[in-house]
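A short worksheet on the structure shown next.
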Amino acid sequence: QVQFVESGGALVHPGGSLKLSCAVSGFFLDDHAIGWFRQAPGKEREGVSCVSSGVRDTLYADSVKGRFTISGDSAKSTVYLQIDDLKAEDTAVYYCAANMMRSNCRGGFLLHEYDYWGQGTQVTVSS
């Protein structure tokens, strides 16, 4: 059974940092690109970062460039999202998912290409 489990979300002050984890089981990470998405209340789910299979390539949404860093550890079957200089607009539920159509991130963040969504982890940025 394939499972994607996100963790690491928390309530943090503006300017703080968090490292989110996406633990994967029943699935071979090296065959697919993995994406991180977020959904704020009342807003559509949006892609924030993608890492290709083998961590050869990464992609970031313009809104998070310079503050978010995606990485992966195939041995641990885990993908991470380091978030620095958190802002109030980063408040959202963060999800990870596998791109079932690509091993690279060239397709961007097309939701229909992603599957095996986790339950999400809440990030709240507030003073």
Side-chain angles (χ1 to χ4, degrees):
Q1 182 180 358
V2 177
Q3 277 194 312
F4 280 55
V5 180
E6 304 92 340
S7 63
L11 170 64
V12 295
H13 294 305
S17 296
L18 279 176
K19 189 171 186 177
L20 307 183
S21 298
C22 172
V24 180
S25 60
F27 189 85
F28 194 49
L29 273 183
D30 286 348
D31 285 343
H32 300 275
I34 302 296
W36 277 98
F37 294 76
R38 67 185 181 186
Q39 188 164 17
K43 293 188 176 181
E44 295 186 352
R45 191 167 298 190
E46 63 171 350
V48 295
S49 188
C50 171
V51 61
S52 67
S53 63
V55 200
R56 289 186 295 269
D57 190 24
T58 58
L59 177 70
Y60 298 94
D62 288 343
S63 60
V64 306
K65 280 181 182 176
R67 299 189 299 117
F68 286 28
T69 304
I70 193 170
S71 61
D73 186 335
S74 295
K76 295 183 178 180
S77 293
T78 302
V79 178
Y80 304 98
L81 186 68
Q82 175 71 38
I83 308 176
D84 297 316
D85 190 22
L86 276 156
K87 305 176 185 299
E89 52 263 40
D90 295 322
T91 295
V93 179
Y94 284 71
Y95 303 88
C96 59
N99 190 316
M100 302 308 295
M101 300 178 66
R102 302 174 189 269
S103 60
N104 57 61
C105 297
R106 295 171 197 161
F109 304 111
L110 298 173
L111 288 176
H112 70 269
E113 292 190 350
Y114 287 83
D115 203 349
Y116 297 122
W117 296 90
Q119 83 291 345
T121 187
Q122 176 71 49
V123 173
T124 303
V125 184
S126 175
S127 55

field: Heavy-atom side-chain contact between I83 and V12 under 4.5 Å
entry: no
Solution key, residues 18-34 side-chain donor-acceptor pairs under 3.5 Å, sequence neighbours excluded:
residue : atom : partner : partner atom : Å
D30     : OD1  : S74     : OG           : 2.7
H32     : ND1  : N99     : O            : 3.1

W36 side chain reached by F68 side chain, heavy atoms, under 4.5 Å: no
Side chains of residues 88-97: which donor-acceptor pairs under 3.5 Å do they make with residues two or more places apart or in other chains?
residue : atom : partner : partner atom : Å
D90     : OD1  : R38     : NH1          : 2.9
D90     : OD1  : R67     : NH2          : 3.0
D90     : OD2  : R67     : NH1          : 2.7
D90     : OD2  : R67     : NH2          : 3.4
D90     : OD2  : K87     : N            : 2.8
T91     : OG1  : A88     : O            : 3.0
T91     : OG1  : V125    : N            : 2.9
Y94     : OH   : R38     : NH1          : 3.0
Y94     : OH   : D90     : O            : 2.7

statement: Heavy-atom closest pair (F109 atom, V48 atom, distance to 0.1 Å) is CZ-C, 3.7 Å
- prompt: So with a 6.0 Å cut-off around NE2 of H13, is the heavy-atom count from everything else above 12?
  reply: no
- request: Compare every heavy atom of T121 with every heavy atom of G8, then report the nearest pair and how far apart it is.
  value: N-OG1, 3.8 Å
- prompt: When hydrophobic residues are tied together by side-chain contacts of less than 4.5 Å, even through go-betweens, does M100 share a cluster with V2?
  reply: yes
- line: Taking every heavy atom of F4 against every heavy atom of A98, the minimum-distance pair comes out as CZ-CB, 3.6 Å
Distance in Å, S52 OG paired with R102 CZ, rounded so as to fall on 0.5 Å steps: 12.5 Å
statement: Taken to the nearest 0.5 Å, the spacing of T78 OG1 from E6 CD works out to 11.5 Å
Would you list the atom pairs, donor with acceptor, under 3.5 Å between side chains in residues 57-65 and any protein atom, with sequence neighbours excluded?
residue : atom : partner : partner atom : Å
Y60     : OH   : I70     : N            : 2.8
D62     : OD1  : K65     : NZ           : 3.1

query: Heavy atoms, side chains only, cut-off 4.5 Å: are W117 and R45 in contact?
result: yes
- prompt: Passes side-chain contact (heavy atoms from CB on, under 4.5 Å), V51 versus S71? Steps please.
  reply: CA-CA 7 Å; V51 61; S71 61; over 6 Å; no
- prompt: Do side-chain atoms of Q119 reach the backbone of V5 as a donor and acceptor pair under 3.5 angstrom?
  reply: no
